[in-house]
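One structure is given below, encoded as structure tokens.
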Amino acid sequence: MKHDKANCKDLSPQLEQLGIYLDEFLKFNHGDAMMHQKRWKEILHKPLPVDGIGIDKVISMLGEHIVLNGSPIPKPTFTSFITTGATNVGVLANLAVSVAAPQRIGHHAFSFLEELSLKWISEMFGLSDNMEGVYSSGGSTANILALGAARQWAYEKIDIDPAQDGIGQSSRIYASSASHHTIHRAAAVLGLGRNAVTIIDSDMQGRLLPKALEQQIKSDIQNNYLPVAIIANAGTTGTGSIDPLERIAEIAKKYSVWFHVDGAYGLPGILDERVKPQYEGLHSADSVIVDPHKWLGAPVGIGATYVRDRKLLHRAFKQGDSDYLEGACTDENIQHSLDDLGIPYHDYGLELSAPSRGAVVWALITEIGKAGFVDRVCRHNQIARDMAERVKHEDCLQLLIEPTLSICCFRYFDDNISDINELNRNIHRELIRQNQHLPSTTVINGQLAIRPCFIGARTEENHAFELIDEVIRIGKQLCILKNAV
Ligand SMILES: *Cc1c(COP(=O)(O)O)cnc(C)c1O
């Protein structure tokens with residue numbers, strides 16, 4: 001009997017070992033990966049192994065040389081971009097998925113949770129009852145799926161099946177300049193072209209101006225362009241601003257254009273009663289996306305797209321018949337998990353092989369309930385507001401935009417410095433090099449902002465206040481140096 005060389009027996013001995021290493025990582029006492037890069041690169045930079053070293057030594061190497069030299073993203077004081085480390089239950093559920101349900105196809109408990117968790121998300125965030133969902137790898141693909149449905153819908157209205165025959169007519173997608181650039185990529189991938197994305201003016205808060213939108217649509221229709229979709233942001237990536245959804249919905253309806261809401265980051269913001277009124281109009285959306293791997297704390301690799309009717313996604317993204325699936329299923333009398341592939345998520349998007357992401361989302365929601373997410377979202381929004389208040393009281397700081405959600409954009413200011421953007425770039429670089437507080441930056445109306453975004457479950461108020469202290473300390477220091485020259 002010849003066995004496979006890979007260990008396929010009990011998991012728990014190695015799990016326990018790996019768990020010890022991961023717990024050490026989660027104490028966040030280690031330095032940045034680049035600090036020790038010479039050492040770990042030396043150890044890891046090996047030629048292709050011909051003979052393996054066995055699972056125990058692999059786990060040791062992971063623990064001793066790789067884990068502690070991982071990414072700073074899970075740190076409580078990491079507030080860059082819109083990304084965070086997974087909470088523990090998400091990590092554990094992800095592990096269970098990779099062992100017990102490698103694919104979402106078929107009828108089993110994991111695939112049951114796919115649909116259930118999609119419904120829960122939809123209900124939790126107040127989408128309209130008839131929305132149907134599908135998971136994909138994240139916001140980028142979620143936007144492609146939503147716009148794929150929009151493209152299908154818009155072209156079918158003029159008797160073209162774009163998925164089958166391609167597109168002939170020039171089309172338009174409307175978005176504000178604050179929209180995520182995965183919209184442009186989606187337009188490129190879907191054959192509409194990046195130039196189809198038409199940027200609509202926004203106000204000083206980065207919110208799309210409905211009047212400008214309406215004018216543009218009117219003139220485009222006159223010029224024979226086909227409006228494919230209007231993109232509204234429920235939480236822009238830069239500042240967390242929410243577009244005037246209700247006004248945009250009215251315009252979409254009036255001109256019969258698909259209304260897409262990108263809530264990859266900000267859809268969970270609806271859980272905060274103080275912001276909820278700004279989501280008025282969400283009900284009219286034809287498609288909505290949200291990223292469970294952002295505010296919900298899922299491991300990276302989970303986005304969700306919602307549309308009113310998944311048949312549209314099916315027409316846009318189905319694979320078509322193939323010999324290798326012929327005869328694999330039966331239509332009636334389903335008695336075994338493999339009698340049928342189940343809900344054809346694989347025909348609603350771009351992925352055939354895909355993990356059972358629903359079980360992860362189910363675990364996240366089941367652990368802390370809707371109330372737990374209300375707490376988290378309100379806490380993070382409050383941190384951004386408290387931070388904004390503090391910034392306003394400091395002479396050397398300027399608030400660049402009132403926070404809507406959990407992003408606070410501010411900058412250091414000194415009358416004697418001519419290039420304030422450069423000063424803040426330098427402050428930011430110094431922050432990163434010190435490796436304690438890790439916000440990112442953005443530009444608001446030409447002004448460079450230090451931009452912490454609070455979404456991590458491990459992030460708390462004192463982290464925000466310490467960041468302010470650090471910015472003031474570094475800013476003062478740099479100004480003294482500068483003035484001394
Ligand atoms: C993060 C984000 C995206 C992209 O999502 P990924 O999961 O990173 O692919 C799209 N839109 C908005 C508004 C986002 O914040």
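Every number for a ligand or one of its atoms is a count from 1 in the order of the listing.
The shortest N/O to N/O separation between N233 and ligand 1 does not fall below 3.5 Å. Geometrically, ligand 1 and T182 share no nitrogen or oxygen pair separated by less than 3.5 Å.
Ring geometry for F28 versus H30: interplanar angle of 30 to 60°, hence tilted. In this pair, H380 and W295 present their aromatic rings parallel. The plane angle is below 30°, not in the 30 to 60° band.
Between the side chains of S256 and K157, a donor-acceptor pair is found at a separation under 3.5 Å. Side-chain contact annotation: S176 with R207, donor-acceptor N/O pair under 3.5 Å absent. Defined by atom type and a distance below 3.5 Å, a donor-acceptor pair is missing between the side-chain atoms of D272 and Q382.
Atom CD1 in I302 sits 8.5 Å away from atom NE2 in H293 (nearest 0.5 Å).
Numbered from 1 in the order shown, with element, the atoms of ligand 1 that lie under 4.0 Å from a heavy atom of A264 read 2 (C), 3 (C), 10 (C), 11 (N), 12 (C), 14 (C). Those atoms of ligand 1 with a heavy atom of T237 less than 4.0 angstrom away are 12 (C), 13 (C), 14 (C), 15 (O). Within the listing of ligand 1, atoms 5 (O), 6 (P), 7 (O) sit less than 4.0 angstrom from a heavy atom of D291. Numbered from 1 in the order shown, with element, the atoms of ligand 1 that lie under 4.0 Å from a heavy atom of I82 read 15 (O).
Of the protein's heavy atoms, S140 OG, 2.6 Å lies nearest to atom 9 (O) of ligand 1. For atom 2 (C) of ligand 1, the nearest non-hydrogen atom of the protein is K294 NZ, 2.3 Å. The closest protein non-hydrogen atom to atom 11 (N) of ligand 1 is D262 OD2, 2.7 Å. The protein heavy atom nearest to atom 10 (C) of ligand 1 is H180 CG, 3.3 Å. The protein atom (non-hydrogen) at minimum distance from atom 6 (P) of ligand 1 is G139 N, 3.3 Å.
Nearest heavy-atom pair, A232 versus I248, reported as atom, atom and distance to 0.1 Å: CB-CD1, 4.0 Å.
A donor-acceptor pair under 3.5 Å links the side-chain atoms of H428 to the main chain of P439, judged by distance alone.
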